[in-house]
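One structure is given here, and the rest of the page talks about it.
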Amino acid sequence: MNIFIFYLHELMTLNLQHISKQRLPGLSDELIKKGKHFILIRNPLDILQSFDKVVPSSFNELGLGDLVSIYSELCAAGNRPPIIDAAELQEDPEAALRGLCEDLDIPFQASMLKWEAGPKSVDGIWAPWWYKSVHKSTGFSRAVNYPPAFPRSLYELLEQSLPFYNMLRCHARQKRYPKLVKPSLPVPANEKILVWVGDKLLPRDSATVSVFDSVVQGGDSVWEGLRIYNGKVFKLEEHLDRLFDSAKALAFNNVPTRDYVKEAIFKTLIRNGMFNNSHIRLSLTRGKKVTSGMSPGFNLYGCTLIVLAEWKPPVYDNTGGITLVTATTRRNSPNIEGNNANADDAIMLDKDGYVSETNATNIFLVKKGIVMTPHADYCLPGITRATVMELVKTENLVLEERRISLSEFHTADEVWTTGTMGELSPVLRIDGRTVGDGTVGPVTKRLQNSFKKLTEGLGVPIPTYQQPA
């Protein structure tokens, strides 16, 4: 594993090659800051077997840890070095070297692609051990498509080394698998968040689950969405009740305790500094399997807990209103149809053609002062739905829970949806038809205000939170 250092001077060109584990301590600041550096990396999966034939392999011998330190040191000095992966160099040497020369601002020369066979005066004392095949070559050779089986004796060393290689590789030039343009996040602050996975907090890009986890093997998990208002988790106990009921209904084993889940939630919020205007996606998978397959009998590691907290305002426009379309699909995800129609969400119908809910929310209407919502036989009995139903009664309005046809929603005076993510969202158009007079109705506004007051005072306090003066 090598680092190549190129130091250009007006009067001379000095080409220095260093193995990272033999790095020279105390390199001059001038060389670090003004020199032109690049780092060559290679996947330890591809080198460990041949390396082990010459020198007993160890983490220190590979030098990947040192290489990461060198990269960090150069970056800290304001001289971020380009990184080139040996696999890219073997795949298309000219393109890789042209790109590298461009990064280093040096001219590309065709002579870089070929050389005479045999030893060179600059080979160094290690040439007899490492350069036998190189001395026979006259140019770059392509990698072997199907290398031999990887020895199990080197498996632990591979596990130790790969994270360091991957850390560097994510900064490398890639032509074979070009990086997609990194999309902008709806909330930029979410780029640097900590996510609870299993039993620890991890940076966003490191927050992953095993390919053996049941959520990957068969989509086997349950989840809840929670909102944070003024240092409190709104309706926390109700959401946990439903989470544990769902896990029990699916016969999850080794489920974490309620206190453990609460502690994970609070730690995640506190470490991220999220005390308001944020949202939690709380997931519980059946857990990692001992082998691939659908059988729950393979899940012997216990459930995987995921607490994903993000800065997130309500997902819908609760002042200007939203648009719905009716989906012809009777199963998830009908919102594909909503997206295609440039609508905010899609209405789902039950097996008999009556309205049940939307893809992401419950739904209400008002007709001649009476508030109506579909019964919960074919929709999720949402926690925000239940909260709004209680508010309807508190406001001394008439509430009906019954089967409702699509045409009743088309001709309603007011319509709104309810959900943790969207709160209480007024609907102004359904299937191209204007709801009421096309503005947010008085009952909707009245209940929005009541819901806002409720969120300001209700919820489980987050430990350590102090109300701003």
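Note that the structure is predicted; figures quoted are calculated from it, not measured.
Within the 4.5 Å cutoff, side-chain heavy atoms of Leu269 are placed close to those of Val233. When side chains are defined from C-beta on, Tyr71 does not count as touching Leu67, because their heavy atoms never get closer than 4.5 Å. Contact check for His279 versus Thr420: side-chain heavy atoms found under the 4.5 Å cut-off. Taking 4.5 Å as the limit, every side-chain heavy atom of Asn318 sits out of range of all side-chain heavy atoms of Trp416. Looking at heavy atoms from C-beta onward, Val261 lies in side-chain contact with Phe244 at the 4.5 angstrom threshold. Considering only heavy atoms from C-beta on, Glu310 comes within 4.5 Å of Ile193 through its side chain. Using a 4.5 Å heavy-atom cutoff, the side chains of Val195 and Asn272 are not in contact. Side-chain contact between Gln448 and Glu423: absent, with no pair of heavy atoms (C-beta onward) separated by less than 4.5 Å.
Side-chain atoms of Ser69 and Ser72 form no donor-acceptor pair, as typed in the model, at a separation below 3.5 Å. Using modelled atom types and a 3.5 Å distance limit, the side chains of Tyr165 and Arg42 yield no donor-acceptor pair. Between the side chains of Ser58 and Asn60, no donor-acceptor pair of N or O atoms lies under 3.5 Å. Side-chain atoms of Asn254 and Tyr301 form no donor-acceptor pair, as typed in the model, at a separation below 3.5 Å.
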Candidate pair Glu408 and Arg403, rule salt bridge (charged side-chain N to carboxylate O under 4.0 Å, His left out), full reasoning: CA-CA 10 Å; Glu408 288 181 275; Arg403 278 186 158 187; over 6 Å; no
Chi angles and distances behind the side-chain contact (heavy atoms from CB on, under 4.5 Å) call for Tyr354, Leu349: CA-CA 5 Å; Tyr354 291 94; Leu349 306 179; over 6 Å; no
side-chain contact (heavy atoms from CB on, under 4.5 Å) assessment of Leu282 paired with Leu240: CA-CA 9 Å; Leu282 179 65; Leu240 290 181; 3.8 Å; yes
Leu284/Ser221 under side-chain contact (heavy atoms from CB on, under 4.5 Å): CA gap, chis, key distance, verdict: CA-CA 6 Å; Leu284 197 62; Ser221 67; over 6 Å; no
Thr434/Arg429 under side chain to side chain donor-acceptor pair (under 3.5 Å): CA gap, chis, key distance, verdict: CA-CA 5 Å; Thr434 300; Arg429 289 179 69 82; 3.2 Å; yes
Step-by-step side chain to side chain donor-acceptor pair (under 3.5 Å) determination, Asp437 to Thr439: CA-CA 6 Å; Asp437 62 3; Thr439 62; 2.6 Å; yes
Derivation and outcome, side chain to side chain donor-acceptor pair (under 3.5 Å), residues Thr358 and Asp345: CA-CA 7 Å; Thr358 77; Asp345 206 344; 2.8 Å; yes
Step-by-step side-chain contact (heavy atoms from CB on, under 4.5 Å) determination, Leu447 to Leu391: CA-CA 7 Å; Leu447 291 171; Leu391 289 176; 4.1 Å; yes
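Atoms CG and CG, on Asn43 and Asp46 in that order, are 4.5 Å from each other to the nearest 0.5 Å. For the atom pair Ile84 CD1 and Leu168 CG, the distance stands at 13.5 Å (nearest 0.5 Å). Rounded to the nearest 0.5 angstrom, Ile363 CD1 and Met348 CE are separated by 12.0 Å. The line from CG of Leu399 to OG1 of Thr373 is 7.5 Å long, rounded to the nearest 0.5 Å. To the nearest 0.5 angstrom, Ile383 atom CD1 is 8.0 Å from Leu380 atom CG. Distance check: Thr304 OG1 to Asp213 CG gives 4.0 Å after rounding to the nearest 0.5 Å.
The side-chain tip of Lys288 does not point at the ring of Phe212 from less than 6.0 angstrom away and within 45° of straight on.
The number of heavy-atom neighbours closer than 6.0 Å to CZ of Arg402, taken from other residues, nucleotides and ligands shown, is above 12. More than 12 heavy atoms of other residues, nucleotides or ligands lie within 6.0 Å of CD in Glu159, so this atom counts as buried by the packing criterion. No more than 12 heavy atoms of other residues, nucleotides or ligands sit less than 6.0 Å from atom OH of Tyr155.
Of the possible donor and acceptor atoms, one in the side chain of Gln217 sits under 3.5 Å from a partner among the backbone N and O of Gly293. Counting only distance, with no hydrogens or angles, the side chain of Asp317 and the backbone of Gly320 share a donor-acceptor pair below 3.5 Å. Listed for the Lys367 side chain is a donor-acceptor partner under 3.5 Å among the backbone atoms of Thr411. In this structure, the side chain of Ser283 does not engage the main chain of Ile306 through any donor-acceptor pair within 3.5 Å. Asp344 places no side-chain N or O within donor-acceptor distance of the main-chain N or O of Ile322, the cut-off being under 3.5 Å. Proximity of a side-chain donor or acceptor of Lys235 to a complementary backbone N or O of Leu226 within less than 3.5 Å is not detected. In terms of modelled atom types and a separation under 3.5 Å, the side chain of Lys36 and the main chain of Leu104 share a donor-acceptor contact. Using a distance-only test at 3.5 Å, with no hydrogens or angles considered, a donor-acceptor pair links the side chain of Ser425 to the main chain of Gly422. In this structure a side-chain-to-backbone donor-acceptor pair under 3.5 Å is present from Ser214 to Gly287. Between the side chain of Arg433 and the main chain of Asp431, a donor-acceptor pair closer than 3.5 Å is present.
The pair Arg258-Asp241 meets the salt-bridge criterion, since a charged nitrogen lies less than 4.0 angstrom from a carboxylate oxygen. Between Arg242 and Glu224 there is a salt bridge, with a side-chain nitrogen of the basic residue lying less than 4.0 Å from a carboxylate oxygen of the acidic one. Between Glu414 and Lys445 there is no salt bridge, since no side-chain N of the basic residue sits under 4.0 Å from a carboxylate O of the acidic one. Ionic pairing of Asp220 and Arg286 is present here: one or more N-O contacts between side-chain nitrogen and carboxylate oxygen are shorter than 4.0 angstrom. For Lys452 and Glu456, the salt-bridge test passes: some basic side-chain N is under 4.0 Å from an acidic carboxylate O. Salt bridge present: Arg446 and Glu395 bring a charged side-chain N and a carboxylate O closer than 4.0 Å. With respect to Lys368 and Asp413, no salt bridge is recorded, no charged nitrogen being found less than 4.0 Å from a carboxylate O.
In terms of heavy atoms, Cys379 sits closest to Ser356 at CB-O, 3.3 Å. In plain terms, the two heavy atoms of Phe252 and Thr285 that are nearest each other are CE2-C, 3.7 Å. Shown here for Pro374 and Arg385, the closest heavy-atom pair between the two residues is O-NH2, 3.0 Å. Between Leu154 and Ser57, the shortest heavy-atom contact is CD2-CB, 4.3 Å. For Leu194 against Thr268, the heavy-atom pair with the smallest separation is O-CG2, 3.8 Å. The shortest non-hydrogen separation linking Leu428 to Gly438 is CD1-O, 3.5 Å.
Residues Phe164 and Phe59 place their aromatic rings such that the two centres sit under 6.0 Å apart. Here Phe234 and His239 keep their ring centres 6.0 angstrom or further from each other.
Using the six-membered ring where Trp is involved, Phe451 and Tyr229 have ring planes that are perpendicular, over 60° apart on the 30 and 60° scheme.
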